[in-house]
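As structure tokens, the structure follows; a few thoughts come after it.
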Amino acid sequence: MMAQVWFFRVSCLLGASSVILGAFAAHGLKQRLSPEMLSVFEVGVRYQMYHALAMLAVTLAVPRLWSSPWTAAACSAWLF
């Protein structure tokens, strides 16, 4: 149960940071990066949001799912 709560909190932080980084890219980096590099940055932020949403979905899944060690391993893979 503790792993589930920890991954829930981390997924919320990753989601919030991807929104912050996306806004920073749209407003702060637009003048400083080339269009190609800005695109690379935006793809990275998008994948971070996908991982945060996937981890959030897994943490909100049925508790029976957390009886398997593979669940925490999947969340760890999305995190790193």
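Computed from a prediction, not measured in an experiment: that's the story for all the values here. Along the sequence shown, the residues carry numbers beginning at 1. Only heavy atoms go into these numbers, but all of them, side chains included; no hydrogens, no water, no symmetry mates.
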Checklist line | Closest approach of G15 to A52 (non-hydrogen atoms, all atoms of both residues) | finding: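 So the two residues come closest at N-CB, 3.5 Å.
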Check: Which atom pair, heavy atoms only, marks the closest approach of A61 to Q4?
Finding: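 Between these two residues, the closest heavy atoms are O-NE2, 4.0 Å.
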Check: Is it true that a side-chain atom of W66 and a backbone atom of V58 form a donor plus acceptor pair closer than 3.5 Å?
Finding: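 A pair under 3.5 Å: yes.
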Next item on the list: Supply the atom-to-atom distance E42 CD to S18 OG, rounded to the nearest 0.5 angstrom.
Entry: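 The distance works out to 12.5 Å.
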Any side-chain heavy atom of [X] within less than 4.5 Å of one from [Y]?
{"X": "W6", "Y": "T59", "answer": "no"}
{"X": "L13", "Y": "R9", "answer": "no"}
{"X": "L14", "Y": "L56", "answer": "no"}

Hydrophobic clustering (ILVMFWY, side-chain heavy atoms < 4.5 Å, transitive) - are [Y] and [X] grouped together?
{"X": "L21", "Y": "Y47", "result": "no"}
{"X": "L65", "Y": "F7", "result": "yes"}
{"X": "L79", "Y": "F8", "result": "no"}
{"X": "M55", "Y": "L60", "result": "no"}
{"X": "L29", "Y": "M37", "result": "yes"}

Check: Given L38, which of K30, Q31, R32 fulfils the side chain to side chain contact (heavy atoms under 4.5 Å, CB included) condition?
Finding: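 The option that passes is K30.
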Check: Which residue pairs pass the side chain to side chain donor-acceptor pair (under 3.5 Å) test when at least one of the two sits in residues 69-80, sequence neighbours left out?
Finding: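 Qualifying pairs: none.
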